[in-house]
Amino acid sequence: MAALYTVIVSDDEDELREAVCTMIPWEDYGFCLVGNASNGLDALQLVEKHEPDLLLTDIRMPFISGIELARQVREIRPATNIAFLSGYDDFEYAKQAIQYNIISYMLKPLTLEGLGAELRNIRQKIDAQFALFRQAVPRADEQDLRAAFLMPLVLDDYPDPDGAAQAEALARQCGLLRDADDHPYYTVMVSILLNEDGSNCTDPSFPSSVHTLSEKYLRGSSFFASGKVISVLLGNPSDFEEYLHILADEIPQMASRVLGKRCRIGVSRPANSLSALNDAYREAMEALRQGDKTEAGAQFISDLAPAVKGGNLLCKRALDTLDQYYMDADLSLVSLSGMLDVSPNHLSACIKKYAGETFINILIRKRMEAARDLLSTSSLKIQEIAQRCGYTDQHYFSYCFKKYCGESPNAMRRRLDLEKAGEPS
């Protein structure tokens, strides 16, 4: 029998969630249920922990909406597909999230038969995704033309200042550039697959797998050369800022999940001309060389600047900065990595390696400890304490606090007041 796809269910309606979890014969549809959550925060933590193939989530949930949850899941686990359960009124709203790996929209109310039929469809779609990633898909002629045009520019060291206009004309001819006004930035990404023993086992078909994922986010072309996949990605700086770290996570996640192989990636800085592609390629190769040889994942050349390189040092700087900004409700792994001038991929890997847990868990613990201090040493209202600890929603704060500390903020305050008064609690 084919391997089962893992799934997490998230819905704040307890009866519905329990019915879905217990009454659906998951294995008959090709799935294995690994967790369920009653709100977006718990769902996000479960996704981090279990790395599921599918998250089945309601759109309207406490604390983090389904769409915000989808966005945050894409940041940490882009290889996870998301299926939305939504009321009719939410359907248009749900379509905003199309770029967040949404594989299905289901309208409530839903019958168990209806959900079963849709799970069959989702199973087929994930099968197709995995097959596309696994197979050597014959390249389209246009891709061949682009690869033939890019290969010498990337691999040969011949910046020809007079050839810039001609190179752009050829790039338009093969469809890489759209028109004379198309002046994107270029980033070079080099990807390799490794066997258990760390030897290179990159297959000449792997460029099509990389290209399949790349084109979800950025324009570009990938080709195979001397045991590695070289991708030239096009976009403006904000495209790279938003999507490059997600793509650089998704490729190794899919390589591990679908091929059972470790994938290592080196990424250059953005360059602003075709004649700079060779320099960018050298940067990507240098990043690949300097990265951790034993770990799957991406290494950005910009993360190797002397000021940011140290793993343990970077983790300490990250925790110090988190101590300083935990009260900011918008603090995220991406915003913290921006403050430290490193990629989110590098920062996330560093924190996991040196602090032993994920960014989300560290942030919640920091906020809860600060809240506990304020509860016991100040007379601030619960609402004010919530805001000082980075929570705009008092109910969300109280939920997290009770989950973390075992009692609600009000209960803790009453207990502390009684203890101060010398009465047993």
Side-chain angles (χ1 to χ4, degrees), residues 4-129 216 360 391-400 402-403:
L4 300 174
Y5 294 127
T6 52
V7 61
I8 284 169
V9 172
S10 178
D11 198 307
D12 64 318
E13 293 176 49
D14 294 342
E15 280 181 35
L16 175 73
R17 188 178 71 258
E18 281 168 29
V20 167
C21 289
T22 55
M23 294 171 75
I24 291 284
W26 291 98
E27 294 196 7
D28 294 357
Y29 297 118
F31 290 93
C32 167
L33 182 68
V34 293
N36 71 87
S38 63
N39 62 70
L41 174 76
D42 288 356
L44 191 62
Q45 288 182 296
L46 284 174
V47 167
E48 254 195 330
K49 183 177 175 186
H50 295 292
E51 303 185 338
D53 297 310
L54 177 68
L55 169 64
L56 178 63
T57 179
D58 189 12
I59 266 205
R60 289 187 185 249
M61 279 194 304
F63 316 145
I64 301 177
S65 74
I67 290 187
E68 177 58 16
L69 174 62
R71 188 189 68 73
Q72 293 194 30
V73 166
R74 191 184 66 174
E75 294 282 358
I76 57 168
R77 184 70 189 169
T80 292
N81 285 286
I82 295 171
F84 275 147
L85 290 165
S86 76
Y88 188 73
D89 298 342
D90 299 328
F91 197 63
E92 287 306 311
Y93 168 63
K95 286 181 181 165
Q96 299 168 19
I98 194 73
Q99 75 268 40
Y100 299 144
N101 298 338
I102 309 304
I103 199 167
S104 163
Y105 297 99
M106 287 169 265
L107 283 178
K108 290 180 173 180
L110 203 64
T111 63
L112 291 176
E113 290 78 11
L115 179 55
E118 187 53 29
L119 284 170
R120 272 206 187 89
N121 287 341
I122 292 170
R123 160 101 212 175
Q124 287 173 349
K125 287 180 185 175
I126 301 179
D127 280 346
Q129 279 177 8
K216 280 169 45 176
I360 290 172
Y391 292 91
T392 50
D393 178 335
Q394 188 179 331
H395 298 294
Y396 183 10
F397 166 70
S398 296
Y399 174 83
C400 292
K402 186 168 185 184
K403 186 180 167 194

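Here the structure is a predicted model, which is why all the values come from computation and not from measurement.
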State the [atom1]-[atom2] distance between [X] and [Y], to the nearest 0.5 angstrom.
X     : Y      : atom1 : atom2 : value
Ser65 : Asp58  : OG    : CG    : 10.5 Å
Leu44 : Ile76  : CG    : CD1   : 4.5 Å
Ser86 : Ile59  : OG    : CD1   : 5.0 Å
Cys21 : Asp14  : SG    : CG    : 10.5 Å
Arg60 : Lys108 : CZ    : NZ    : 10.0 Å
Leu85 : Tyr105 : CG    : OH    : 13.0 Å

- Query: What residues form a salt bridge (Lys or Arg N to Asp or Glu O under 4.0 Å) with Asp393, not counting sequence neighbours?
  - Reply: none
- salt bridge (Lys or Arg N to Asp or Glu O under 4.0 Å) against Glu18, all qualifying residues, sequence neighbours excluded: none
- Exactly one of Leu55, Val73, Asn36 clears side-chain contact (heavy atoms from CB on, under 4.5 Å) with Ile8, and that residue is Leu55
Where do [X] and [Y] come nearest, in terms of heavy atoms and distance?
X      : Y      : result
Ala70  : Ile102 : CB-CD1, 4.2 Å
Glu118 : Ser104 : OE2-OG, 2.8 Å
Ala37  : Ala43  : CB-N, 3.5 Å
Pro78  : Asn101 : O-ND2, 2.6 Å
Ala83  : Met106 : CB-CE, 3.8 Å
Thr57  : Met61  : OG1-CE, 3.1 Å

- Task: Determine whether more than 12 heavy atoms belonging to other residues, nucleotides or ligands lie under 6.0 Å from atom NZ of Lys125.
- Result: yes
- Message: Is it the case that atom NZ in Lys403 sees more than 12 heavy atoms from other parts of the structure closer than 6.0 Å?
- Response: yes
- Is a donor on one side and an acceptor on the other found under 3.5 Å between the side chain of Thr80 and the backbone of Pro52? yes
- Message: Under the criterion side chain to side chain contact (heavy atoms under 4.5 Å, CB included), I'd like the reasoning laid out for Ile82 against Ile103: C-alpha separation, chi angles, the key distance, then a yes or no.
- Response: CA-CA 6 Å; Ile82 295 171; Ile103 199 167; over 6 Å; no
- Item | Test side chain to side chain donor-acceptor pair (under 3.5 Å) applied to Asp127 and Gln124, step by step | CA-CA 5 Å; Asp127 280 346; Gln124 287 173 349; over 6 Å; no
- Task: Measure the shortest side-chain to side-chain distance between Val7 and Val34 over non-hydrogen atoms and say whether it is less than 4.5 angstrom.
- Result: no
- Message: Can you pull out every ring pair (Phe, Tyr, Trp, His ring centres under 6.0 Å) where at least one residue sits in residues 22-74? Sequence neighbours excluded, please.
- Response: Phe63-Tyr396, Phe63-Tyr399
